Protein chains: 2
Amino acid sequence: MHNLWEMQRLLIPEGMADLRKRYMILHHLLVSGQTGRRSMVQALGFSERMLRTDIEFLKEHGLVHVESSGVRITDWGRELVEKLEPSMNEWLGLDKLELELSNRFSLKKSIVVRGDSEQSDWVRREIGRAAGEYLRAVINPGDVIAVTGGSTLAEAAEQIASQPALKQNWFVPTRGGLGEDVSLQANTIASTMAKRTGAQHRLLHVPDHLSEEAHQSLMQEPSVYEVVQAIRSSRIVVHGIGDAVRMAERRNMAGDQLEALLNDGALAEALGYYFDRQGKVVHETPTVGLSMPDWQKAEQVVAVAGGSSKAGAIAAVLRFGHSHVLVTDEAAAKLLLNL
Amino acid sequence: MHNLWEMQRLLIPEGMADLRKRYMILHHLLVSGQTGRRSMVQALGFSERMLRTDIEFLKEHGLVHVESSGVRITDWGRELVEKLEPSMNEWLGLDKLELELSNRFSLKKSIVVRGDSEQSDWVRREIGRAAGEYLRAVINPGDVIAVTGGSTLAEAAEQIASQPALKQNWFVPTRGGLGEDVSLQANTIASTMAKRTGAQHRLLHVPDHLSEEAHQSLMQEPSVYEVVQAIRSSRIVVHGIGDAVRMAERRNMAGDQLEALLNDGALAEALGYYFDRQGKVVHETPTVGLSMPDWQKAEQVVAVAGGSSKAGAIAAVLRFGHSHVLVTDEAAAKLLLNL
DNA sequence: ATCTCGCGGGTCTGTAACCGACCCGACCAA
DNA sequence: TTGGTCGGGTCGGTTACAGACCCGCGAGAT
């Protein structure tokens, strides 16, 4: 069942942020007793003015006393915190997971949504929405955003939205066609995202893996060359993370190749590269699209993947160390932190 | 147990108001399907611009679709409303109670807090807080506010607060000393309220009921006369509602008088007047303070009382028809509506 | 064919809330 | 006495948003 808090967060995100702030203040006061504003700034990491506004609010509502010697929680406030504590802990737990994930894998940011995407479709949508929300926040005018395929990214494409339209941005696929299901292809996803945000898009109308000669000749085509240039200049890359075996199958890899792959310890796949448990690249599929140098050059590489069965794969790709942001779900996050 | 929603309302009142607004919009859309903005304005009573802002918010978060033919709820939004419905109904139920109370007793406004003040102290405090909040909202500079005694009003005095200080306002008691417990006396309450809001106060240092001669001679005293003038010019009156018998006892009424009172059907007491079931005045205690003409003249008469056992008394006083606002609790409100 | 009404949406403007930044006097301990 | 911390006053810039008004569009009535 989806948590009440999560539902509220959909309807009043700013309100829930306020709630969190004010609860943290009260909780801190409950723990540390009489405290000064400035020391609270240190402990909680809020700006002083903001803290002051909230403390004034709490004072007005009789939840704290504020005297010349510092701020003190009232009995009423204490009662409130104690009754609120179990629910809040459960809710704030996500923030702790995010923080620990960021530290463990040296990420710039990580976003965790409650639940397990393998248990409930709702959670998959939440991951998509969270990724879309983050994207919208970091996109600057003129940015090119490269996106991969996959079911999680497809969900993100359905959930992204922008107001006003991102007329100055381009969405491009990281590679060409792959597999059968058109709705999960990078091309489709780039197109959907562009449509839903009012941005432009370019598609890469070539098969994903092809011979060296075909590669060379296709690159002579202006319509291909231009798109590839755009892809390689992406400031933002959004990629899914897949199980190595399943991705190899989707790519129709030959049986002996697959065996070789597994012998090399391949566990995960992202952006066409296969990784072993330690995050070492053990195989790659040549592409006309985004390749390793472009990946390492991109400023914002966002990995999007969830579900308890994917935790190992996610860890492998994160250990490789060139993704900056992870969007995942609670189930995967917890497994990630237990090695 | 105190509801999660109520606790949230303490920490983020504005946020909960937003939540209510947005939920109402979604719910309305769920019920009426495709709807236009203007017809929604009629149905929900919001301003159009506000509605638009919220609809834009809901659109951005993928909860509604908005097309040229009107606004439509998405499947996701529908799911959200359906999951949120039970909790919201319980919470919004208070609003319905308030509305019904206002209609039934021709009140300008009624405020209902969740719970039963006879079951939990917390609810008593909530009534006090709600009354204090309402007061703060309606007080204009220069107003004189007359308050009675009683435990509920005492609680309100503890909960009221104001920022900035109401330097231009005066709190006065409706009458003089009464009974033993100083903390429940009108004088004390007026003083506390003034202190907590930064307002002025004047006290009435005379016993509540006294002989005609004593009355006349006291009114010659300037210190008394001035305060009485202030009391009689009150724009705002805040009074509790009491059980007739208990109030008579607090006033040390003689046994035969009490018997006469009961024979007359006295059920409730407010502001020194005793009412029968129909709201007819059956007895009064002479006072140097606020009397009937002043009561009828006051622009804002706020009745504050809660608890299931007081429902009958509240109904009696409200039927008298000279109180404009009622602050009570859920238990009393429900009984009031069942005759 | 035209009119009209209700639809979403664009835009300007005043306002209120709020945050950053800076300063102040009071208090306390070294 | 001095330095650090306490709460609080104040000012200016920013932002979010509500109010008010207008627009073009399309469906249905005339």
Side-chain angles (χ1 to χ4, degrees), chain A residues 11-22 24-25 28-29 32-74 77 136-137 161-165 167 197-198, chain B residues 11-22 24-26 28-29 32-74 77 136-137 161-165 167 198:
Chain A
L11 284 179
I12 42 164
E14 347 77 44
M16 294 314 273
D18 283 352
L19 177 64
R20 179 168 167 273
K21 250 174 23 191
R22 288 171 186 168
M24 282 176 76
I25 295 173
H28 181 77
L29 250 35
S32 35
Q34 192 101 337
T35 318
R37 244 179 16 215
R38 288 149 233 253
S39 65
M40 258 194 278
V41 165
Q42 293 294 323
L44 298 173
F46 300 160
S47 89
E48 181 171 341
R49 195 60 184 77
M50 227 182 64
L51 192 83
R52 224 170 107 181
T53 309
D54 280 330
I55 287 181
E56 272 162 10
F57 172 91
L58 294 172
K59 186 177 74 181
E60 277 222 39
H61 288 70
L63 297 167
V64 301
H65 276 144
V66 41
E67 304 156 9
S68 62
S69 53
V71 187
R72 200 160 40 82
I73 194 168
T74 64
R136 199 182 45 188
S162 178
Q163 179 99 308
K167 291 183 181 158
T197 56
Chain B
L11 285 179
I12 41 164
E14 347 75 48
M16 294 313 276
D18 282 353
L19 177 64
R20 180 168 166 273
K21 251 175 23 192
R22 289 173 186 167
M24 282 176 74
I25 294 172
L26 279 181
H28 182 78
L29 284 170
S32 33
Q34 192 100 335
T35 317
R37 252 186 1 224
R38 288 151 231 253
S39 65
M40 258 194 277
V41 165
Q42 293 295 324
L44 298 173
F46 299 159
S47 89
E48 183 172 339
R49 196 60 183 79
M50 230 182 60
L51 192 83
R52 223 169 107 180
T53 308
D54 279 329
I55 286 180
E56 272 162 10
F57 173 91
L58 294 172
K59 186 176 74 180
E60 278 224 36
H61 288 70
L63 297 168
V64 301
H65 277 142
V66 40
E67 304 155 10
S68 61
S69 54
V71 186
R72 199 159 41 79
I73 194 168
T74 64
R136 198 183 46 188
S162 178
Q163 181 100 306
K167 291 184 180 156

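Below, chains carry the letters A, B, ... as their sequence lines are ordered, and counting in each starts from 1. This structure is a prediction, so every number in the text was calculated from the model and none was measured.
- With sequence neighbours excluded, the residues that form a side chain to side chain contact (heavy atoms under 4.5 Å, CB included) with B:Ser32 are B:His28, B:Thr35.
- Look at CG on A:Leu58: it is 14 Å from P on D:dG7, rounded to the nearest Å.
- The shortest distance between the side-chain N/O atoms of A:Thr53 and the OP1/OP2 oxygens of C:dC19 is below 4.0 Å.
- When rounded to the nearest whole Å, the span between CZ of A:Arg49 and P of C:dC23 equals 16 Å.
- Heavy-atom minimum distance, A:Arg37 versus A:Leu51: O-CD2, 3.5 Å.
- Side-chain N/O atoms of A:Arg52 and base N/O atoms of D:dG9 include a donor-acceptor pair closer than 3.5 Å.
- Separating the CG atom of A:Asp54 from the C1' atom of C:dC18 is a distance of 11 Å, rounded to the nearest angstrom.
- Summarising the geometry, the separation between CE on B:Met50 and P on C:dG9 is reported as 18 Å, rounded to the nearest angstrom.
- For A:Leu29 and D:dG7, the CG to C1' distance is 14 Å, given to the nearest whole Å.
- When rounded to the nearest whole Å, the span between CD of A:Glu67 and P of D:dG8 equals 10 Å.
- In this structure, the CD atom of A:Glu60 is 11 Å from the P atom of C:dC18, given to the nearest Å.
- Between the P atom of C:dC18 and the CD1 atom of A:Ile55 lies a distance of 15 Å, rounded to the nearest Å.
- Contacts between residues 35-48 of chain B and DNA chain C, defined by a heavy-atom separation under 4.0 Å, are made by B:Thr35, B:Gly36, B:Arg37, B:Arg38, B:Ser39.
- Between A:Glu60 and A:Arg22, no side-chain nitrogen of the basic residue sits less than 4.0 Å from a carboxylate oxygen of the acidic one, so the salt-bridge criterion is not met.
- Note that NZ of A:Lys21 is 11.0 Å distant from CD1 of B:Ile12, once rounded to the nearest 0.5 Å.
- When every heavy atom of B:Val64 is checked against every heavy atom of B:Ile55, the shortest pair comes out as CG2-O, 4.0 Å.
- Residues B:Ile25 and B:Phe46 come closest through the heavy atom pair CG1-CE1, 4.1 Å.
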